[in-house]
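Down below is the structure, laid out as structure tokens.
Whatever order the structure lists them in is the order used to number ligands and atoms, beginning at 1.
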Amino acid sequence: MYAQMVKSEATQEDPEMLAAFQARIDAGEKIEPKDWMPAGYRKTLIRQIGQHAHSEIVGQLPEGNWITRAPTLERKAILLAKVQDEAGHGLYLYCAAETLGVTRDEMTEMLLDGRMKYSSIFNYPTLTWADMGAVGWLVDGAAIMNQVPLQRTSFGPYSRAMIRVCKEESFHQRQGYAVMMKMAQGTPAQKAMAQNALNRLWFPSLMMFGPSDADSTHSVQSMAWKIKMNTNDELRQKFVDQTVPQAEYLGLTVPDETLNWNAEKGGYDFAEPDWDEFFEVITGNGPCNTERLAARNKAWDDGKWVRDGLLAHAQKRKMRKVAAE
Ligand code: FAQ
């Protein structure tokens, strides 16, 4: 269905329609699902929103890993609420993508057979309780840095979903920082765990913003269409500038010996992540890719009886309604 729609749109793309569409974008208008849009715009949005939705869903796994082992009842309740929020974010985003003519089942199948991606960060393991702090602080922190500008993105349903998501993400970031604060001010062993979590998750967090601008295949067109509001490097720089003072406040050391305040540019100079590692991770060869996809495949298979039951129920109701008419 989705493939046919994109193909039929591509044949209608005359230069006048494209120019009128770009003028609407340039004027800051929101594009709504029933409006005409270029096939490439629709395709890029389905890729980005679908990938974003999958990230929220797969992103439950590294933290879900610690729900049964949270150190106190209060921490457990907070973590549970946070992980449930991520499921909700996935649902808003799947709904936003569905308005573009792709079904949630189609997107799920594309995730499960590797045609669609999810964020690289969720292919790293969460080894200690301190990782729950570092994920909230760094991963949700990076997610917010990327998502706040997306509240102004040109596609209406995506922009509206982002407004709600950002409100919840800021609670996530704060709860993560609160865990880090407790650990950093705790025993020497707890502080060492916090430092170790920062050491392992710092560079993977920087990778969340995508490859450097020179290697970003989609940025130029996505920014012209206001699907993206900033380049990958701009947001990465803002994240570093915001996060380094937070690490200092915790008394922790960012694992980058080259880190240096550059007064001239008004930001930190910092080391690039290992981009070879990034490309390995996004092509399926990260530390947890196999485990994450196996968990999603199992959830999909285990849920088949529910989907079948719901469909059978809907079919019965429909037949009863027809019989009564
Ligand atoms: N991981 O040309 P670009 C969260 C791919 S939400 C995997 O620069 P683009 C909340 C990209 O798809 C985190 N793949 O791409 C949470 C493309 O591949 P293709 C998710 C990546 O799209 C917290 C290729 O590389 N957030 O964490 C990544 O213009 C805690 C070339 O890259 C979003 O998705 C990556 N990191 O820019 C949940 C935000 N980066 O299609 C649970 C929305 C790039 O050519 C727990 N997305 N690739 O094969 C975006 O803003 C953009 O899609 C970017 C990438 C910035 C991620």
> When clusters are formed from ILVMFWY side-chain contacts under 4.5 Å, directly or step by step, what else is grouped with Tyr124?
Replying inline: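 Tyr124 shares its hydrophobic cluster with Met207, Trp275, Phe278, Phe279, Val281, Ile282.
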
> Applying a heavy-atom distance cut-off of 4.0 Å, which protein residues contact ligand 1?
Replying inline: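 Correct list: Arg47, Gln48, Gln51, His52, Ser55, Glu56, Gly59, Glu63, Lys82, Glu86, Lys117, Tyr118, Ser119, Ser120, Phe122, Val139, Asp140, Ala143, Asn146, Gln147, Leu150, Tyr158, Glu169, Met207, Met208, Phe209, Gly210, Pro211, Ser216, Thr217, His218, Lys228, Asn232, Phe278, Ile282.
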
> Going by an N to O cut-off under 4.0 Å, is there a salt bridge joining Asp85 and Lys82?
Replying inline: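 Answer for the salt bridge query: no.
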
> Do the ring planes of Phe209 and Phe239 sit parallel (below 30°), tilted (30 to 60°) or perpendicular (above 60°)?
Replying inline: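 Rings of Phe209 and Phe239: tilted, 30 to 60°.
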
> For residues 217-227, which residue pairs qualify under salt bridge (Lys or Arg N to Asp or Glu O under 4.0 Å), counting only residues two or more places apart or in two chains?
Replying inline: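 Listed by first then second residue: nothing to list.
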
>> Give me the atom names and distance for the closest heavy-atom approach of Met208 to Ala142.
In response: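 Here Met208 and Ala142 meet closest at SD-CB, 3.8 Å.
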
>> The criterion is side-chain hydrogen bond (donor to acceptor under 3.5 Å, both in side chains); which residues satisfy it with Gln173, sequence neighbours excluded?
In response: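 Gln173: no side-chain hydrogen bond (donor to acceptor under 3.5 Å, both in side chains) contacts found.
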
